[in-house]
Amino acid sequence: QVQLVESGGGLVQAGGSLRLSCAASGRTFSSYIMGWFRQAPGKEREFVAGIRWSGATSSYADSVKGRSTISRDNAKSTVYLQMNSLKPEDTAVYYCAAGRNWAPMRGGSCDYWGQGTQVTVSS
């Protein structure tokens, strides 16, 4: 079993920054894609960004492209999401997830999910 634990959420003002962390433990696979998702009240969960444990391939949703950077530290089994220029519409619960293929992941299908961390951006 793989456990994913997010941290780093909080309350920030519009224009501010946050760095979310996702620590993975248990049985992990280097081929997995690590992704970030978010879900705002009344909305469906949406893909934000993803990166493979191996290789340099990464992907971003258009809504965060240019403002966010996903990165990883393989030695620490941790994935990060640096978010800058935060907007009120970024307010959501952010989830870390692990999946095997890009297409299912972008559609919200992943093998493992974290518990989520709340990000609230005030105007």
Side-chain angles (χ1 to χ4, degrees):
Q1 186 180 18
V2 175
Q3 293 83 43
L4 304 174
V5 180
E6 304 96 332
S7 62
L11 174 64
V12 298
Q13 294 183 350
S17 299
L18 282 175
R19 189 178 76 159
L20 306 182
S21 299
C22 173
S25 61
R27 186 179 178 88
T28 59
F29 301 93
S30 61
S31 61
Y32 275 13
I33 304 163
M34 301 301 298
W36 286 97
F37 295 77
R38 66 186 183 186
Q39 187 168 25
K43 300 188 68 176
E44 295 182 352
R45 189 173 298 182
E46 64 175 341
F47 173 82
V48 176
I51 189 170
R52 289 192 178 274
W53 283 116
S54 300
T57 303
S58 60
S59 181
Y60 297 90
D62 290 341
S63 59
V64 303
K65 196 173 299 180
R67 300 188 295 123
S68 300
T69 302
I70 188 169
S71 61
R72 52 170 159 78
D73 186 333
N74 289 13
K76 297 181 179 179
S77 297
T78 301
V79 176
Y80 305 95
L81 181 67
Q82 177 70 43
M83 299 189 293
N84 303 318
S85 301
L86 285 164
K87 307 173 182 179
E89 50 262 44
D90 293 319
T91 295
V93 177
Y94 283 71
Y95 297 90
C96 179
R100 301 190 184 190
N101 297 287
W102 286 107
M105 172 166 282
R106 293 190 180 100
S109 180
C110 301
D111 294 337
Y112 303 98
W113 293 90
Q115 81 288 348
T117 185
Q118 177 71 48
V119 172
T120 302
V121 183
S122 62
S123 59

> Hey, are the side chains of S17 and M83 touching, using non-hydrogen atoms and a 4.5 Å cut-off?
Replying inline: no
> Taking all non-hydrogen atoms of both residues, which atom of T91 and which atom of A40 are closest, and how far apart?
Replying inline: O-CB, 3.6 Å
> Can you check whether C96 reaches M34 side chain to side chain, under 4.5 Å on heavy atoms?
Replying inline: yes
>> What's the separation between atom CZ in R67 and atom CG in N84, rounded to the nearest 0.5 Å?
In response: 9.0 Å
> For the residue pair S123 and A14, what are the closest heavy atoms and their distance?
Replying inline: CA-CB, 4.4 Å
>> Between Q82 and R19 (side chain of the first, backbone of the second, donor and acceptor by atom type, cut-off under 3.5 Å), is there such a pair?
In response: no
> Are side-chain heavy atoms of V2 and D111 found at a separation under 4.5 Å?
Replying inline: no
> Which residue pairs pass the ring pair (Phe, Tyr, Trp, His ring centres under 6.0 Å) test when at least one of the two sits in residues 32-73, sequence neighbours left out?
Replying inline: F29-Y32, F37-F47, F37-W113
> Is a side-chain donor-acceptor pair under 3.5 Å present for T78 with D73?
Replying inline: no
>> Could you work out, with ring-ring contact (aromatic ring centres under 6.0 Å, His included) as the rule, every residue matching Y112, not counting sequence neighbours?
In response: none
> Does a side-chain N-to-carboxylate-O contact under 4.0 Å join K87 and D90?
Replying inline: no
>> Can you tell me how far apart OG (S109) and CZ (R100) are? Round to the nearest 0.5 Å.
In response: 11.0 Å
> Will you find, in the side chains of Q39 and E46, an N or O donor that is under 3.5 Å from an N or O acceptor?
Replying inline: no
> With a 4.5 Å limit on heavy-atom distance, are the side chains of S7 and L20 in contact?
Replying inline: no
> Say you draw a straight line from CD of E6 to SG of C22; how long is it, rounded to the nearest 0.5 Å?
Replying inline: 5.5 Å
> Mind checking whether V12 and V64 sit in one hydrophobic cluster, side chains of I, L, V, M, F, W, Y counted as touching below 4.5 Å?
Replying inline: yes
> Roughly how far apart are T69 OG1 and Y80 OH, rounded to 0.5 Å?
Replying inline: 14.0 Å
>> When you group the ILVMFWY residues by side-chain heavy-atom contacts below 4.5 Å and let the links chain together, are L18 and V48 in the same group?
In response: yes
> When rounded to the nearest 0.5 angstrom, what distance separates CG in L86 from OG in S68?
Replying inline: 7.0 Å
> Any cation-pi pair here, R38 with Y95, using under 6.0 Å and within 45°?
Replying inline: no
> Hey, are the side chains of V93 and T117 touching, using non-hydrogen atoms and a 4.5 Å cut-off?
Replying inline: no
> Are L11 and Q118 close enough that some pair of their side-chain heavy atoms sits under 4.5 Å apart?
Replying inline: no
> Nearest heavy-atom pair of I70 and S58: which atoms, and what distance?
Replying inline: CG2-CB, 4.1 Å
> Out of curiosity, does L4 fall in the hydrophobic cluster containing I33 (side-chain heavy atoms, cut-off under 4.5 Å, transitive links)?
Replying inline: no
> Within a strict 4.5 Å, meaning less than it, do heavy atoms of the S59 and R106 side chains meet?
Replying inline: yes
